[in-house]
Amino acid sequence: KPSFGLAGADLVIDGSDNFATRYAVNTACVELGLPLLSAAMSQWEGQVALFDPARRGPCYRCLFPEP
């Protein structure tokens, strides 16, 4: 189980550039009950999303079930 040393964090910020890492960070956040701020960009477009399943919100994998 990935945890990346996140225990004790208040918020995780992810700007990784591949789905494998994003899913692994999401899994750790869900298991630890941590909110995840995820950001992605491509050329001149970008997106930022906050996932907080500990407060009944969806997680990253809920929104993007497949790469």
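Note: hydrogens, waters and symmetry copies are ignored here, and every other heavy atom, side chains too, is used.
Sorted by first and then second residue, the salt bridge (charged side-chain N to carboxylate O under 4.0 Å, His left out) pairs involving residues 58-67 (not counting sequence neighbours) form an empty list. Within the structure, side chain to side chain donor-acceptor pair (under 3.5 Å) contacts touching residues 4-17 (residues at least two apart or in different chains) are Asp14-Ser16. For residues 37-59, the pairs satisfying ring-ring contact (aromatic ring centres under 6.0 Å, His included) are Phe51-Tyr60, with sequence neighbours left out.
Two residues are said to be in side-chain contact when any heavy atoms from C-beta on lie closer than 4.5 Å; Cys59 and Asn26 meet this criterion.
When all heavy atoms of Gln43 and Met41 are compared, the pair lying nearest together is O-CE, 3.6 Å. Cys62 and Pro58 make their closest contact through CB-CB, 3.8 Å (heavy atoms, listed as atom of the first residue, atom of the second, distance).
Residues satisfying the side-chain contact (heavy atoms from CB on, under 4.5 Å) test with Pro67, not counting sequence neighbours, are Phe19, Tyr23. Applying the salt bridge (Lys or Arg N to Asp or Glu O under 4.0 Å) rule to Arg55 yields the partners Asp52; only residues at least two apart in sequence or on another chain are considered. In this structure Val12 satisfies the side-chain contact (heavy atoms from CB on, under 4.5 Å) test together with Leu6, Val25, Cys29, Leu34, Leu36, sequence neighbours excluded. Not counting sequence neighbours, the partners of Gln47 by the side-chain contact (heavy atoms from CB on, under 4.5 Å) test are Ala40, Phe64.
Ile13 shares a hydrophobic cluster with Leu11, Leu37, Val48, Leu50; the chain of contacts runs through ILVMFWY side chains whose heavy atoms sit under 4.5 Å apart.
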